[in-house]
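Convention: sequence-line order gives letters A, B, ...; per-chain numbering from 1. Heavy atoms only: backbone and side chains are in, while hydrogens, waters and symmetry mates are out.
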Amino acid sequence: MPELPEVETIKNELEPHVVGRRVTGVSLPWKGIVREPSVNQFRARLIGQRITGLARRGKYLSFSLDSGESLIIHLKMSGSLLLKRNSTDDRFVRAVISLDDGLELYFRDPRKFGRMWLVDDTRTVVGKLGPEPLETGFTVKLLAGLLRGRAAPIKALLCDQDLIAGIGNMYADEALFAAGIHPLRPGGSLSADEVKRLHNAIRQVLRQAIGKKGASIINYYRPDSELGTAHFHFRVAHRRGEVCYNCGTPIQRITVRNRGTYFCPRCQRQ
DNA sequence: CCCGGAACCTGAAGGC
DNA sequence: TGCCTTCAGGTTCCGG
């Protein structure tokens, strides 16, 4: 499931192959993947454009185009972007973007949650996102201000993209474990020291996962079809029934906001 | 504005 | 063998 580290990895690995290339064709085996504009407009306006850059914002990937427009992609839960030189027969491919050097960019997405936009201004899609947790502006003080007065569980707040961009279910669990904070603690109830630990944990967990090229729990592939290895370093996420590496207590799974939430009941007390 | 829950999707895995 | 349930969760929408 692509979160910030996975999308960052995809951006880094796609960049050398697509920047400078011209789009020569767009095929849409499942038209529902285009969110904006109409399918005909999308195709007509994209073909012929040169890709001038690639950027990530939260979990969104945006291709800047020489017209000044941007192609924005969100992989949601099961999407991947694969670079291929020979067309493949795969019933889960929802879109294919052909480039002028013969490479093809496949948008593969079994569950049809992923979306694409072609817009003049990226802010129409990503304008409401919160700060980037790995940028220098994301300080302890900023995080404290975001959490102040909030009654919702800290787990839910960490996953709120309008609050902080890019953290999803897996890395929220990992960051809370690293900070020793129970996922159900109200966001506003964290002490100054806990906020400081959480701030440090968020950055450490995301940086480590980028170093491991992301986590391949389900349906995450890098553009060359290789997997990431960050999940081998998870300490709570998806480890139900296994024991905590710190204290030997069995990892618990509860539901927070309809999301599976993994934590150590001893290292992360209420 | 804040909070919680349902809906959108479909395949994998486990129980009986 | 096969059917049924659960799990996976990013985002949006809706109701209180």
Whether the Asn246(A) and Arg266(A) side chains hold a donor-acceptor pair (N or O, under 3.5 Å, no angle test) is what I'd like checked.
no
At 4.0 Å (heavy atoms only), tell me whether Pro153(A) reaches a base, stays on the sugar-phosphate, or touches nothing.
sugar-phosphate
Given dT10(B), dA6(B), dT11(C), which nucleotide is nearest the side-chain atoms of Asn258(A)?
dA6(B)
Tell me whether the OP1 or OP2 atom of dC9(B) has a side-chain N or O from Lys76(A) closer than 4.0 Å.
no
Validation row: Tyr245(A), Arg239(A) side chains within 4.5 angstrom (heavy atoms)
yes
Length of the line joining Lys112(A):NZ and dG10(C):P, which is rounded to integer Å
21 Å
Picking from dT10(B), dA6(B), dC7(C), the nucleotide nearest the side-chain atoms of Arg253(A) would be dC7(C)
Nucleotide nearest Gln161(A) when distance is taken to its side chain, options dC9(B), dT11(C), dG11(B):
dT11(C)
Spacing of the P atoms in dT12(C) and dG11(B) (rounded, Å):
24 Å
Out of dG10(C), dT10(B), dG4(B), minimum distance to the side chain of Lys59(A) belongs to dG10(C)
Which nucleotide sits closest to the side chain of Arg91(A): dG11(B), dG10(C), dG5(B)?
dG11(B)
Which nucleotide in the set dG10(C), dG5(B), dC9(B) lies at the smallest distance from any side-chain heavy atom of Asn169(A)?
dG10(C)
From CZ of Arg115(A) across to P of dT11(C) the rounded distance in Å is 12 Å
Report the distance from atom CD1 of Ile73(A) to atom P of dT11(C), rounded to the nearest whole Å.
15 Å
Rounded to whole Å, how long is the line connecting atom CG of Asp162(A) with atom P of dC3(B)?
13 Å
Interatomic distance at P, dC9(B) relative to dC4(C), whole Å:
22 Å
Expressed as a whole number of angstroms, how long is the span from Asp90(A):CG to dT10(B):C1'?
14 Å
Intermediate values then yes/no, side chain to side chain contact (heavy atoms under 4.5 Å, CB included), Phe107(A) and Ile97(A):
CA-CA 8 Å; Phe107(A) 191 161; Ile97(A) 295 174; over 6 Å; no
If we count only N and O atoms by modelled type, under 3.5 Å, do the side chains of Thr24(A) and Ser98(A) hold a donor and an acceptor together?
no
Quick one: are Glu132(A) and Arg57(A) in side-chain contact, heavy atoms under 4.5 Å?
yes
Does the base of dT11(C) carry an N or O that pairs as donor and acceptor with the side chain of Arg259(A) under 3.5 Å?
yes
Need one value for Ala156(A): base, sugar-phosphate or nothing, where a base atom within 4.0 Å counts as base even if backbone is also close, heavy atoms only.
nothing
Think Arg150(A) has a side-chain N or O under 4.0 angstrom from the OP1 or OP2 of dC3(B)?
yes
Ala152(A), nearest nucleotide to its side chain (from dG11(B), dG4(B), dG10(C)):
dG4(B)
What nucleotide, of dG4(B), dC3(B), dT12(C), holds the atom closest to the side chain of Tyr60(A)?
dT12(C)
